[in-house]
Asks: 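Sharing a structure here in structure tokens format.
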Amino acid sequence: MLQGYIQAIKSSIPINSLIGLGASIGAAVLTLGLGMDTPWAPWDPLSETFYPPQLFSIASFVATICFLSMAVIVLKVLEKITNSATKLWRITGIVFLAVYGLISFGAGTFEAGIMLNLLHVIVGIPALILIPSVLDSQSTKTNQQLS
């Protein structure tokens, strides 16, 4: 049972890494290049300490890889319970981007909220487009090998 999920995560590593690299570069451009605010640091919730921009850029890569790996698992679960998994996954992804986009404005300054929304679009749009096609091609290769 876990084999399918592990194989899906393995096959998505290249695209997840590419999207993670885009997130890291996007975060660096937005925070270091344009000087936009980062969100509040979660390790210091009682103060108004912001993430250091360099750390935020690196953390964006790691967080993207972790999040997209979980997204792959969600897509695989949806494939098991519905016939239109990709459509449902994309709809829930768009809803997630919209809801989290509104919540992002509570992460610090208004500028940090805008920066987070831009960053989530940098990650979300390629993920919603590319991940299902990568998993479909992996599934096709697996089916061909079984034949």
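Since the structure is predicted, the reported quantities are computational estimates derived from the model, not experimental observations. Atom set for the values below is all heavy atoms of this structure, side chains included, hydrogens, waters and symmetry mates excluded.
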Asks: Would you compute the distance between atom CG of D37 and atom OH of Y51 and round it to the nearest 0.5 angstrom?
Replies: 15.0 Å

Asks: Can you get from L75 to I9 by hopping between Ile, Leu, Val, Met, Phe, Trp and Tyr side chains that sit under 4.5 Å apart?
Replies: yes

Asks: For the atom pair CG (N16) and CG (L21), what is the distance rounded to the nearest 0.5 Å?
Replies: 12.5 Å

Asks: Check whether T82 reaches the backbone of A85 with its side chain - one donor and one acceptor, N or O, closer than 3.5 Å.
Replies: no

Asks: Do you know the tightest heavy-atom contact between L135 and A8?
Replies: CD2-O, 3.6 Å

Asks: I'd like to know if M36 and W40 are part of one continuous hydrophobic network [Ile/Leu/Val/Met/Phe/Trp/Tyr, side-chain heavy atoms within less than 4.5 Å].
Replies: no

Asks: To the nearest 0.5 Å, how far apart are CD1 in I73 and CG in L78?
Replies: 12.0 Å

Asks: I need the minimum non-hydrogen distance between T86 and P132, along with the two atoms involved.
Replies: CG2-CB, 3.6 Å

Asks: Under a 4.5 Å cut-off applied to non-hydrogen side-chain atoms, are P39 and F50 in contact?
Replies: no

Asks: Which distance, rounded to the nearest 0.5 Å, do you find between the CD of E79 and the OG of S84?
Replies: 11.0 Å

Asks: Rounded to the nearest 0.5 Å, what separates atom OH in Y5 from atom OG in S69?
Replies: 14.5 Å

Asks: Hey, quick one: are V134 and I65 part of the same hydrophobic cluster, counting side-chain heavy atoms closer than 4.5 Å, chains of contacts allowed?
Replies: no

Asks: Let me check something: do F105 and M115 share a hydrophobic cluster, defined by ILVMFWY side-chain heavy atoms less than 4.5 Å apart, either directly or through other members?
Replies: yes

Asks: Between F56 and L119, is any pair of side-chain heavy atoms under 4.5 Å apart?
Replies: yes

Asks: Between side-chain atoms of residues 88-104 and protein atoms elsewhere (two or more places apart, or another chain), which donor-acceptor pairs fall under 3.5 Å?
Replies:
residue, atom, partner, partner atom, Å
W89, NE1, A71, O, 3.3
R90, NE, L128, O, 2.6
R90, NH2, L128, O, 3.2
R90, NH2, I129, O, 3.3
T92, OG1, L88, O, 3.1
T92, OG1, W89, O, 3.0
S104, OG, Y100, O, 2.7

Asks: Working to the nearest 0.5 Å, report the span between CD of E111 and CG of L34.
Replies: 9.0 Å

Asks: Treating Ile, Leu, Val, Met, Phe, Trp and Tyr as nodes and any side-chain heavy-atom pair under 4.5 angstrom as an edge, say whether L68 and L18 lie in one connected cluster.
Replies: yes

Asks: Considering only heavy atoms from C-beta outward, does the side chain of T31 approach that of S57 to under 4.5 Å?
Replies: yes

Asks: Would you say that L32 contacts Q54 through its side chain, given a criterion of any heavy-atom pair below 4.5 Å between the two side chains?
Replies: yes

Asks: Counting distance only, does the side-chain N/O of S24 pair as donor-acceptor with the main-chain N or O of G20 below 3.5 Å?
Replies: no

